[in-house]
Structures are given as C-alpha cells and as structure tokens.
**Q** 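Supplied in structure tokens, the structure appears directly below.
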Amino acid sequence: MIPVKRLCLSAILLVAAAMPAYAHVGIGPTSSLMAGFTHPLSGLDHMTVMLTVGLWAALKGGKAIWAWPAAFVGIMLAGAALGMAHVPLPFVEPGILASVVALGLLVALAVDLPVSAGVAIIGLFALFHGHAHGTEVPGNAGGLEYMAGFAIATVLLHAIGIAAGLGLGMRFRGVARIVGAACAAIGVGLVFGVV
C-alpha cells in the first residue's frame, strides 16, 4: 500500500506542475491515445475537477466511491460524442469553470448529498468537460483514441482522489476539506484569469 504522505505529495506535485489548460476547442493534438491521456494532466481545471470528484466520492463513501467517478466518465464520453457530432451546448466554458469552483466547495464543506444528487451534479459538469473536448477531435479513429486516452487518465485521477480521501480517513477529514478549498480557490483564480 502506498503511504498516505507520499500519495498526497504526489497529488500536490501533479497539481502544481499543471499548466493552464488551453485545452478547449481546437488547441493541441487530438488524434492519439497518448495525446488524450496526457491532456487531463495539462491544466489546473482538469486536474482539480478530476481529483475533487474522487475526493468527494471518498468523503461520501459507500456507493459514491464507484458511482460518482463512473458517472463522470460515462457522461463525459457522452458529451464528447455530442461535441464530435457538432451538437451545440450552451455555456460550456463557464460550466467548466463553475465545475472547478463548485466541486472544490462541495469537498471543502464536506457536503453530504444522496448518491443520486451527486451523480446529477457530477454528470452536468462532466457533460461540459466532454463536450469541450469532443468539439476539438476529428470524427475518425484518431479522435476515438484521443477520447479513450482522456477517459483512462480521468479514471486514474479519480482514483488518486479516492485513494487520498480514503487514506486521510476520518481523522484527517480537515485536510481533505482544505484541499477542496484550495481547488475552489484555483477555480476562482481561473474565472478571473489570475491563475
């Protein structure tokens, strides 16, 4: 088992090393599995959302540990399909920025919602994230490889958030809440263009 301190330090280093996403609509390579895999690691908006989904799921426990990340990945891929099909979706970029702030606050406040309500919130944000990336990929096998890579990386980031949350346990619940507050602050910084 990975020591909790090492896992938390690794997650912090990943977030600190991330650059602003510049990830939406037409920016960067979008035709390979590796490009898709590295994409969520390329920006603070992606890193914070993926990690906080996992962290919030761990704080909730029970079915949320698998249901919330699964909902995010599944609905993200559905949103990507809509984007690839050029189906318009309003407020994509504001929705993505709102997801960073809102999910950070849900963790910071340790909001305890029913699993179905969490699925609905996470699903809405996942739709925006997926749509943004679907609009930038070509409608061919390369685009599908990109989305597969993005989905794999998303699952891994969710798993890091879950592992950190479970590793911290009830004794260190306050640390998880501080991480959530930091994620919300990053979101506010992204909204105002200071991060």
**Q** State whether the side chain of His158 and the backbone N or O of Met50 hold a donor-acceptor pair below 3.5 Å, judged by distance alone.
**A**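 Checking the backbone N and O of Met50 against the side chain of His158, a donor-acceptor pair under 3.5 Å is found.
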**Q** Are Leu124 and Phe91 joined in one hydrophobic group, where the rule is that I, L, V, M, F, W and Y side chains link up if heavy atoms are under 4.5 Å apart?
**A** no
**Q** Atom CG of Leu127 and atom CG of Leu77: how far apart are they, to the nearest 0.5 Å?
**A** 11.5 Å
**Q** If you round to the nearest 0.5 Å, how far is CG of Asp112 from CH2 of Trp56?
**A**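 It is 9.0 Å, given to the nearest 0.5 Å.
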**Q** Between Phe72 and His129, does a side-chain contact (heavy atoms from CB on, under 4.5 Å) hold up when you go through it step by step?
**A** CA-CA 9 Å; Phe72 191 98; His129 281 267; 4.1 Å; yes
**Q** I need the Ile152 CD1 to Leu157 CG distance, nearest 0.5 Å.
**A** 12.5 Å
**Q** State, to 0.1 Å, how close Ala181 and Ala108 come at their nearest heavy-atom pair, and which atoms those are.
**A**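 That would be N-CB, 3.4 Å.
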**Q** Under a 4.5 Å side-chain heavy-atom rule over Ile, Leu, Val, Met, Phe, Trp and Tyr, are Val194 and Leu44 clustered together?
**A**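 Yes.
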**Q** Tell me the closest heavy-atom pair linking Ala132 and Val92, and the distance in Å.
**A**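 Reported closest heavy-atom pair: CB-CG1, 3.7 Å.
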**Q** From Cys183 SG over to Leu51 CG, what is the distance, rounded to the nearest 0.5 angstrom?
**A** 7.0 Å
**Q** Below 4.5 Å, heavy atoms only, C-beta onward: do Pro40 and Phe150 meet side chain to side chain?
**A**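 In short, these two side chains touch, coming nearer than 4.5 Å.
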**Q** Check whether any side-chain N or O of Trp68 sits under 3.5 Å from a backbone N or O of Ile122 as a donor-acceptor pair, and report yes or no.
**A**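 It does not hold such a pair.
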**Q** Do the side chain of Thr52 and the main chain of Leu55 share a donor and acceptor less than 3.5 angstrom apart?
**A**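 The answer is no, because no donor-acceptor pair under 3.5 Å joins these two groups.
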**Q** Applying side-chain contact (heavy atoms from CB on, under 4.5 Å), run through Phe125 and Val53 and close with a yes or a no.
**A** CA-CA 10 Å; Phe125 292 141; Val53 166; over 6 Å; no
**Q** Is any side-chain heavy atom of Ile65 closer than 4.5 Å to a side-chain heavy atom of Ile162?
**A**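 Ile65 vs Ile162: side chains touch.
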**Q** Looking at His86 versus His131, is the centre-to-centre ring distance below 6.0 Å?
**A**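 Not close enough - the centres of the two rings lie 6.0 Å or further apart.
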**Q** Quick check: closest heavy atoms across Val73 and Ala151, and the distance to 0.1 Å?
**A**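 Shortest heavy-atom separation between Val73 and Ala151 comes out as CG1-CB, 4.2 Å.
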**Q** Please give me the minimum heavy-atom distance between Ala57 and Ala64, naming the atom from each residue.
**A**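 Heavy atoms of Ala57 and Ala64 come nearest at CB-O, 3.4 Å.
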**Q** CE/Met76 to CE/Met147 distance, rounded to the nearest 0.5 angstrom?
**A** 5.0 Å
**Q** Rounded to the nearest 0.5 Å, what separates atom CG in Leu144 from atom CG in Leu33?
**A**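 Going from CG on Leu144 over to CG on Leu33, the span is 11.5 Å.
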**Q** If Ile, Leu, Val, Met, Phe, Trp and Tyr residues are connected whenever their side-chain heavy atoms lie under 4.5 Å apart, and connections chain through other members, are Leu59 and Leu109 in the same group?
**A** yes
**Q** Between Ile186 and Leu190, is the side-chain contact (heavy atoms from CB on, under 4.5 Å) condition met? List the steps.
**A** CA-CA 6 Å; Ile186 288 168; Leu190 289 169; 4.1 Å; yes
**Q** Can you classify the ring geometry of His46 versus His39 as parallel (below 30°), tilted (30 to 60°) or perpendicular (above 60°)?
**A**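 Ring orientation, 0 to 90° scale: perpendicular.
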**Q** In terms of hydrophobic clusters joined by side-chain contacts under 4.5 Å, are Trp66 and Val49 together?
**A**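 They do not share one cluster, since no chain of ILVMFWY contacts under 4.5 Å joins Trp66 to Val49.
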**Q** Checking side-chain contact (heavy atoms from CB on, under 4.5 Å) for the pair Lys60/Val115: CA distance, chi angles, key distance, verdict?
**A** CA-CA 8 Å; Lys60 173 67 175 170; Val115 173; 4.1 Å; yes
